[in-house]
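Take a look at the structure set out below.
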Amino acid sequence: MRIQTAFLPVVFLSLCGFAQPNAKSTNFSIKGGLSSTTAKITEPTKTQVIELPKQALPEAQATTKKTYFQIKKTATINLSDNTMDLAPGLSAQEMSRHTGKVPEKYNYPPSDINSSTQKRSSAAITVPALGQSFVGNSFDVATPNDNDMAISDSGMVVSVINSRIYIRDINNDSVYASKSLYSFKFAVNTRNSQYDPKVMYDPKSDRFVLVCLVGNEDSTSRVIVGFSKTNKPNGQWNLYVLPGNPLNNTLWTDYPMISMTEKELFLTVNLLTNNSPWQTGFVETIIWQMKKDSGYAGKTSIGSVLHSNIKYNGKAIRNLCPVKGGSKLYSPNMYFLSNRNMATQNDTVFLVNITDTIGAPSGTLTVKVLKTPKPYYFPPDGIQPNATNSLATNDARNLGAFIENNKIQYVHNTNNPANNHVTVYYGTIDNPQSANPVINGYYLPNDTFDIAYPNISYLGNSSTDNSSIITFDHSSATVFPGCSAIQADGSGNFSPRLKIKDGSVFINILSSGQERWGDYSGSQRRYNNPGEVWMSGYYSYNHSSGFPKAHAAWVAQIVERQKYNAIKETTSDKSNKASVFPNPALTIYFVKIELKKPEYLSFCLYDSQGKLVQELLRDWVKQQETEFSFNTHDLPKGIYILKITGNNNTNITKKVIVN
C-alpha cells in the first residue's frame with residue numbers, strides 16, 4: 001500500500017528542480033523521462049453477472065470497459081551491475097495512510113459457530129516438516145513488510161519487502177543480491193517513492209516477474225513491471241511502465257496482486273482518490289491483462305488490455321484476488337475472488353472470470369455471486385505481549401487463492417466468532433465453471449494465538465489430492481510476532497500448527513500504538529517438486545539501537561511430512577550460519593526533518609566538488625517531523641553534501657562523511 005507522506009497535489013520535478021506538469025488529454029502520453037505509453041479507449045462491453053439459485057441477493061447487470069494499451073519498454077537493467085545502491089527513504093515511513101477502520105454495516109442473524117462445517121485440527125493430517133529456514137530481508141526503515149517471494153525450479157529464491165530485493169541460491173546458500181527496490185526502478189527515471197512489491201515465478205518460461213508501485217498521487221503514480229530475461233534473477237530485467245492513472249480521471253494506483261496463465265500476466269490494482277486513505281478513497285479495482293512472452297523477450301511494446309468498471313448492483317467489486325494455478329499454470333481463463341471485505345459480517349463471495357486471451361472474439365468477463373454457509377467477519381487487531389501496541393489487520397479481503405482439481409482454495413483474515421480474536425478464513429469452491437459452484441468456509445482454530453495475513457499454495461500430486469499449505473503470521477499475549485503454517489486437506493481438516501519462527505521482541509515502530517502486521521505474505525509451490533512449498537513471513541527482532549523493536553522477513557521451506565526424509569535436512573548450525581548474512585552490513589545515514597506544513601521535497605547528493613552524484617528521492621512529506629535516510633555502503637570514502645529543497649522554500653544542506 002502507499003506511502004503515508006504524499007497526499008497533496010503534486011508538480012513534476014526536473015533534476016533537483018521544479019516544473020509544472022503537462023496537461024492531460026483523453027488519448028494520453030506519459031512523458032518526462034519515461035518512454036511514451038499510449039492507450040486507445042474502446043466501447044463498453046457487457047459483463048455477464050450470474051446470480052446463482054437459492055441465494056437471496058438481488059440480481060444485477062454490469063457493464064465493464066476494455067481499454068487497449070501498447071506498453072513500451074522503458075529500460076533494461078542488470079541487478080548485478082548496480083554498484084551504487086543508495087536506497088533513500090523517509091523513516092520510519094508507513095507505507096500506507098492508515099486510518100480508523102470503516103466497516104460497512106450489515107444485519108445478519110447470529111451464526112452457528114458449532115456448525116458441522118467448522119472442523120478442528122485433525123489427527124489424520126500430520127504436521128508438515130520445516131526444511132531450510134533463514135532471514136530473507138531485514139528491516140529497512142519502512143513499515144509494513146509487505147512480504148512476497150518466489151522460487152524457481154532450479155532453486156533461486158527472490159524475497160521482496162517494501163524496500164528491498166533479496167536473491168539466494170538454496171543449493172549452495174549463496175546470496176547473489178541484496179538490493180533496494182529503489183535500485184530496481186531507478187532506470188525508469190522516476191524519483192518518487194517505491195512500494196508494494198510482488199514477485200512470481202513462471203514455471204512454463206522459467207522466468208520471474210516483479211511488480212512494484214511508484215508515486216501516490218494521480219500525476220506521479222506508475223506501475224513498474226519487470227520481466228527477467230533469463231532464469232537468473234540477479235541478471236537482466238526488462239522494465240515496462242504502466243500508467244497509475246490509466247483512465248485520466250485523477251485517480252492513482254494502490255495494492256497490486258499478480259497471477260499468470262500459460263500466455264498472459266494478470267495484475268489487479270485499486271484506484272484511489274488523491275489525499276484520501278485507502279479505506280475511504282477507494283473508487284474501483286481494475287485488471288491489467290498483458291502478453292508476458294513479449295516482456296521476457298524485451299520487445300519494444302507489450303499488448304495489454306485494461307478491464308475497468310467491474311461492479312455488482314452499481315457498486316465496484318473491491319480487492320480482486322487472482323486465482324493462481326495449483327500445480328502449474330493453466331490457460332486460457334483466469335479467475336478472481338472478492339468479498340464484502342469491509343463488512344462487519346457477510347457471506348457474499350464474488351467469483352470473476354476472464355475467458356480467453358487478449359483479442360479473442362470469445363473473451364468475456366463474468367461475475368458469479370456466491371453465498372458461503374459460514375460467514376466471515378471484519379477482523380479485530382492482533383495482540384502482542386505488550387498490550388499497548390496492537391497489530392493492524394486491515395480488512396477481510398482475499399489474500400491468496402489457487403485452483404487445482406476443479407477446486408479453488410482461498411484464505412483471508414476474519415474474526416473468529418468463538419473467541420473474538422483474529423484468525424484465518426479458509427474457503428473452497430468446487431466446480432467454479434459450472435452453473436452452480438459449491439462453496440464452503442472454515443475458521444482456522446486459534447485458541448491461544450492471533451493469526452492473520454495468510455497465503456496458500458497447493459501441496460498435492462494427484463487428481464484426488466487437494467492438500468495445501470496455509471502460511472500466516474502469529475502473535476499472542478505471551479508469544480512475540482512470528483510466522484507459522486498448517487496443512488489442509490481441501491475438506492476443512494487441518495494439521496496441528498507448525499511454528500516456523502517466533503519473534504524476540506514486541507513491535508514498536510509507529511507512535512500511534514497500532515503497528516503494521518501485513519499487508520500480505522508470500523507463498524509458492526516448488527513446481528518441479530510436489531510436496532514442497534516455500535513462504536515468506538513476518539517476525540520481530542532487535543534491529544539496532546535506533547529500532548530495537550522492528551520486523552523483518554523470514555523465508556522457509558515447508559515439506560509434506562511423508563517426503564521429509566527424502567529431502568536433505570537443514571541442521572541447526574546451517575540455519576544459524578544462514579541467518580548472519582541475509583544482507584550485507586549496511587551503513588545508514590539519517591537526517592531529521594522538521595516542516596511547518598506538508599511539502600514536496602527533493603533530496604540530492606553531491607560530491608565535495610559540487611558534482612551531482614544522484615537525485616535520491618522526490619516526494620510529498622506530510623509529517624511535520626520525520627527522518628530521511630539512505631545507504632552509504634556503496635559510496636567511495638569522502639565528503640558529500642546532501643541538499644534538501646522544497647516548493648515551500650525549504651533549503652537544507654547537510655555534510656555527509658563516509659569513512
Side-chain angles (χ1 to χ4, degrees), residues 1 44-53 55-67 99-108 218 245-247 249-257 266-274 276-288 306-323 334-354 364-372 375-379 394-399 401 410 412-414 425 427 429 432 437 439 441:
M1 293 185 181
T45 57
K46 282 290 183 181
T47 298
Q48 186 181 7
V49 178
I50 302 171
E51 187 73 37
L52 300 185
Q55 297 190 6
L57 296 174
E59 188 168 351
Q61 192 75 7
T63 301
T64 61
K65 296 179 181 178
K66 284 185 180 180
T67 309
T99 66
K101 297 176 181 178
V102 286
E104 302 169 19
K105 302 297 182 182
Y106 291 83
N107 293 321
Y108 276 75
D218 70 294
N245 179 26
L247 303 177
N249 53 358
T250 66
L251 302 178
W252 62 276
T253 288
D254 187 37
Y255 198 80
M257 300 188 81
F266 290 83
L267 164 68
T268 68
V269 296
N270 294 336
L271 296 183
L272 308 181
T273 58
N274 292 328
S276 299
W278 58 265
Q279 292 95 330
T280 57
F282 173 82
V283 175
E284 67 171 314
T285 298
I286 59 176
I287 302 172
W288 287 95
L306 174 65
H307 304 267
S308 61
N309 202 44
I310 306 169
K311 296 182 178 181
Y312 175 72
N313 270 359
K315 189 172 183 179
I317 299 176
R318 182 171 186 154
N319 295 315
L320 287 164
C321 173
V323 179
M334 175 59 66
Y335 288 105
F336 305 83
L337 288 177
S338 183
N339 56 21
R340 302 188 193 274
N341 41 82
M342 299 297 289
T344 53
Q345 176 186 344
N346 211 277
D347 54 13
T348 300
V349 174
F350 299 104
L351 177 62
V352 175
N353 183 18
I354 292 180
T364 61
L365 191 155
T366 63
V367 179
K368 291 180 182 178
V369 187
L370 312 180
K371 182 179 178 181
T372 177
Y376 52 85
Y377 300 82
F378 196 85
N394 291 348
D395 53 37
R397 73 186 66 186
N398 288 287
L399 294 170
Y410 66 93
H412 58 78
N413 295 339
T414 185
Y425 190 97
I429 302 173
I439 184 169

Between [X] (side chain) and [Y] (backbone), is there a donor-acceptor pair under 3.5 Å?
X: Y410; Y: C321; answer: no
X: T414; Y: Y377; answer: yes
X: N398; Y: N319; answer: no
X: E284; Y: N309; answer: yes
X: T268; Y: L320; answer: yes
X: D395; Y: R397; answer: yes

Might you point out which heavy atoms bring [X] and [Y] nearest each other, and give the distance in Å?
X: A396; Y: P379; value: N-CD, 3.9 Å
X: G441; Y: Y425; value: CA-OH, 3.3 Å
X: F378; Y: A343; value: CB-O, 3.3 Å
X: P432; Y: P437; value: O-CG, 3.8 Å
X: T285; Y: I310; value: O-CD1, 4.0 Å
X: R340; Y: Y376; value: N-OH, 2.9 Å

Margin query: Does the plane of the ring in F350 sit parallel, tilted or perpendicular to the ring in Y312? Use 30° and 60° as the thresholds.
Written below: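 Answer is tilted, since the angle falls between 30° and 60°.
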Approximate separation, where rounding is to 0.5 Å, of [X] [atom1] and [Y] [atom2]:
X: L272; Y: T250; atom1: CG; atom2: OG1; answer: 11.5 Å
X: F336; Y: I317; atom1: CZ; atom2: CD1; answer: 11.5 Å
X: L267; Y: I286; atom1: CG; atom2: CD1; answer: 8.0 Å
X: I287; Y: L365; atom1: CD1; atom2: CG; answer: 5.5 Å
X: L351; Y: I439; atom1: CG; atom2: CD1; answer: 8.5 Å
X: L337; Y: L399; atom1: CG; atom2: CG; answer: 11.5 Å

Checklist line | side-chain hydrogen bond (donor to acceptor under 3.5 Å, both in side chains) evaluation trace for D254 with N270 | finding: CA-CA 5 Å; D254 187 37; N270 294 336; 5.3 Å; no
Next item on the list: Kindly indicate, with the supporting measurements, whether the criterion side-chain contact (heavy atoms from CB on, under 4.5 Å) is fulfilled by N341 and N346.
Entry: CA-CA 8 Å; N341 41 82; N346 211 277; over 6 Å; no
Notebook entry, point to check: Are R318 and W278 in a cation-pi contact, defined as NZ or CZ under 6.0 Å from the six-membered ring centre and within 45° of the axis?
Noted result: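 No, R318 and W278 do not form such a contact.
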